[in-house]
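In what follows, every chain begins at residue 1, and chains take the letters A, B, ... in the order their sequences are listed.
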Amino acid sequence: MSTDVRVRFAPSPTGYLHVGGARTALFNYLFAKHTGGTFVLRIEDTDRTRYVEGAVKEIFDSLRWLGLSWDEGPDVGGTSGPYVQSERLDIYKKRTQDLLDSDAAYRCFCTPQRLEEVRLAREKAKMLTGYDRHCRDLSKEEERRLLDGGAPFVVRFKVPAGRSVVFLDMIRGAIEYKTEVLDDLVILKSDGFPTYHLANVVDDHEMKISHVLRGDEWISSTPRHVLLYEAFGWTPPHFAHMPVILDPSGGKLSKRKGAASVMDYKNRGILSDALFNFLALLGWSPGGGDEREKMSRQEIINAFSLEKISPKSAVLDEKKLDWMNGLYMAESTAERLAPDVCKLWKEKGVVTVDRDETDPYLLGVIRLFKDRSKRVTEIADNAVYFFKDPDDYEPKAVQKHFKPETVLVLRELMENIGSLASFGAKQLDALYHDYAARTGISVGELVHPTRLAVSGVSFGPGLFEMMELLGKDAVMRRMDRAIETIRT
RNA sequence: GGUCCCUUCGUCUAGUGGUUAGGACACAGGAUUUUCAUUCCUGCAACAUGGGUUCGAUUCCCAUAGGGACUACCA
């Protein structure tokens, strides 16, 4: 079956792409790539009231940024199009008619008010909520009369009585439902649009989807879908339901509580490779004693299998994401990081908007910071002093390193630096060590005040590399300024 | 309320009918380093509870508890 694998990711354009959705897409992608199958992207826009302008683009952008490219979809086409449900209305109408013809479905003329009343009454009586099948046995004459009167209607599926529906979830095993708990679901709405249930079943069949990998909120709808396949005389696909991703308090990830969408993570300085790797490991692991954590896309694809997906929901640990992102930051190059970092610098007004991203100075700064930063944003935040002299100095560090006698030391260092033949990290290193040896002052006691004078903070890249990049003029000017500060 | 799903360190997880229950992140301590970060040691820390089945259960079964999903003319 390996080459027959066809999977799909089917988001509805109601907003941004949530990381939970992104991971479902990721697992679909991984399964397709692992099996040499096809990854289809389908837009489920059958609810016109929830449609959000720009959502499709946001979803496309998020998936592309994460590196999840699809083989068939709205923009790239394919043999099973169209891939947007609102463009497939005729298909659903025809299929609905098929069901009506075979007496597997019926028109329901109940008003929303009546439905509401029934629901409340049933709830009160502690009965199963859901439709009471009022229109299921309408006579032909009655139906004709209502139809001729122009009464609005929906089409409902006739759930057979006294049956049990069993389906196999690839990561949970067999799941069984009695049809008693299933009500007659709406398959075609009064506006002529299909509901998710119908559209989903029809499309998955027509698009020859072999495996449906979706969020586990769909488990309880699956028996209805199985019944629909049955009514159409189709073989259902394989099902596998992905667990949800939670925030640290155990609730759903939400924008309110922090990052929730793929773009949130991007904007907060997470790298695509890192998020890909991290999300893959959330709810899945290679198993079999394989304890790799940092894995390339190809390694993940090679090791992936649906059976190793865990059925339990997982909490997204941002600390671990940071750790992994740091690994990818260090591994990346200044050139690759530059566009993202520069964008942040430009937003902060640290560099002018027309500044060239391939500027060697900029790349030099990034190179100095990337190994010690966990996120792209960290570089942008911590490297500001490379673009302007420090306005003030870190108070705690001042107490520790700016002492009256520091003035003398800095002055002498400046004199030495002034007479340096060439201003480079190596020479500076030698100079500091020589000076330390000559005076008996420890290197640390020279380095710390210099660092504070030059950068304004007590931490950062290697001092001598930093000085070299900053250049002699800036270094001398800042040291001079620090001396003034100490004296006053 | 009903139906269904889930349950190994704080978090992500590996794993087995008999193991000192392994790794990673985080945390704590130490070493290295001019700072920070890295790196390297060390430490801390888990099989939800109760019944079975079994010579033996973390592992298999059943309950209970806790968490979650669904219960729309939303997906």
Given [options], identify the nucleotide with an atom nearest to the side chain of [X].
X: A/I219; options: B/A75, B/C4, B/U7; value: B/C4
X: A/K374; options: B/U3, B/A37, B/U11; value: B/A37
X: A/V181; options: B/C4, B/U7, B/U3; value: B/U3
X: A/V186; options: B/U34, B/C73, B/C25; value: B/C73
X: A/E217; options: B/U35, B/A69, B/C5; value: B/A69
X: A/W323; options: B/A26, B/U34, B/A75; value: B/A26

Rounded to the nearest Å, what distance is computed from the [atom1] atom of residue [X] to the [atom2] atom of nucleotide [N]?
X: A/E293; N: B/U11; atom1: CD; atom2: P; value: 16 Å
X: A/R48; N: B/A75; atom1: CZ; atom2: P; value: 11 Å
X: A/D204; N: B/A75; atom1: CG; atom2: C1'; value: 14 Å
X: A/R42; N: B/A75; atom1: CZ; atom2: C1'; value: 12 Å
X: A/D216; N: B/A75; atom1: CG; atom2: C1'; value: 15 Å
X: A/W284; N: B/A14; atom1: CH2; atom2: C1'; value: 13 Å
X: A/H401; N: B/U35; atom1: NE2; atom2: P; value: 10 Å
X: A/E123; N: B/U71; atom1: CD; atom2: P; value: 13 Å

At under 4.0 Å between heavy atoms, what does [X] touch on the DNA or RNA strands: base, sugar-phosphate, or nothing?
X: A/E176; answer: sugar-phosphate
X: A/L281; answer: sugar-phosphate
X: A/K252; answer: sugar-phosphate
X: A/G288; answer: sugar-phosphate
X: A/P13; answer: nothing
X: A/P461; answer: base
X: A/G130; answer: nothing
X: A/G283; answer: sugar-phosphate
X: A/Y177; answer: sugar-phosphate

Can you see whether A/F9 has A/R42 sitting over its ring - NZ or CZ less than 6.0 Å from the centre and within 45° of the normal?
no
If you draw the axis of the six-membered ring of A/Y328, does the NZ or CZ of A/K374 fall within 45° of it and under 6.0 Å from the ring centre?
no
RNA chain B nearest-nucleotide lookup for A/R50 and A/S373: closer to the 5′ end is A/S373
Using heavy atoms to find the nearest nucleotide of RNA chain B for A/H448 and A/E291 separately, return the residue whose nucleotide is more 5′.
A/E291
Between [X] and [Y], does any side-chain donor sit less than 3.5 Å from a side-chain acceptor?
X: A/E44; Y: A/Y196; answer: no
X: A/T222; Y: A/Y177; answer: no
X: A/Y92; Y: A/D203; answer: yes

Within less than 4.0 Å of OP1 or OP2 of [N], is there a side-chain N or O belonging to [X]?
X: A/K308; N: B/G15; value: yes
X: A/T46; N: B/A75; value: yes
X: A/R156; N: B/C73; value: yes
X: A/S285; N: B/A14; value: yes
X: A/K189; N: B/C74; value: yes
X: A/K370; N: B/A37; value: no

Work out how far the [atom1] atom of [N] is from that of [M], and round it to whole angstrom.
N: B/U38; M: B/U34; atom1: C1'; answer: 15 Å
N: B/G68; M: B/G29; atom1: C1'; answer: 39 Å
N: B/A21; M: B/C27; atom1: P; answer: 27 Å
N: B/G66; M: B/U49; atom1: C1'; answer: 10 Å
N: B/U59; M: B/U8; atom1: P; answer: 12 Å
N: B/U33; M: B/C41; atom1: C1'; answer: 16 Å
N: B/G18; M: B/C60; atom1: P; answer: 11 Å
N: B/C5; M: B/C61; atom1: P; answer: 13 Å

Under 3.5 Å for both donor-acceptor distances, Watson-Crick or wobble: does [N] have a partner, and if so which one?
N: B/C9; result: none
N: B/U3; result: B/A69
N: B/A31; result: B/U39
N: B/A48; result: B/U64
N: B/U54; result: none

For [N], does the base pair up with any side-chain atom of [X] as donor and acceptor (N or O, under 3.5 Å, distance only)?
X: A/S190; N: B/C73; value: yes
X: A/R372; N: B/C36; value: yes
X: A/K320; N: B/A24; value: yes

Just by modelled atom types, is the A/L271 backbone N or O under 3.5 Å from a matching donor or acceptor in the A/N325 side chain?
yes
Hey, are the side chains of A/Y393 and A/P395 touching, using non-hydrogen atoms and a 4.5 Å cut-off?
no
Ring centres of A/H205 and A/Y229 under 6.0 Å apart?
no
Walk me through it: do A/F157 and A/Y106 pass the test ring-ring contact (aromatic ring centres under 6.0 Å, His included)?
CA-CA 7 Å; A/F157 179 67; A/Y106 60 94; 9.3 Å; no
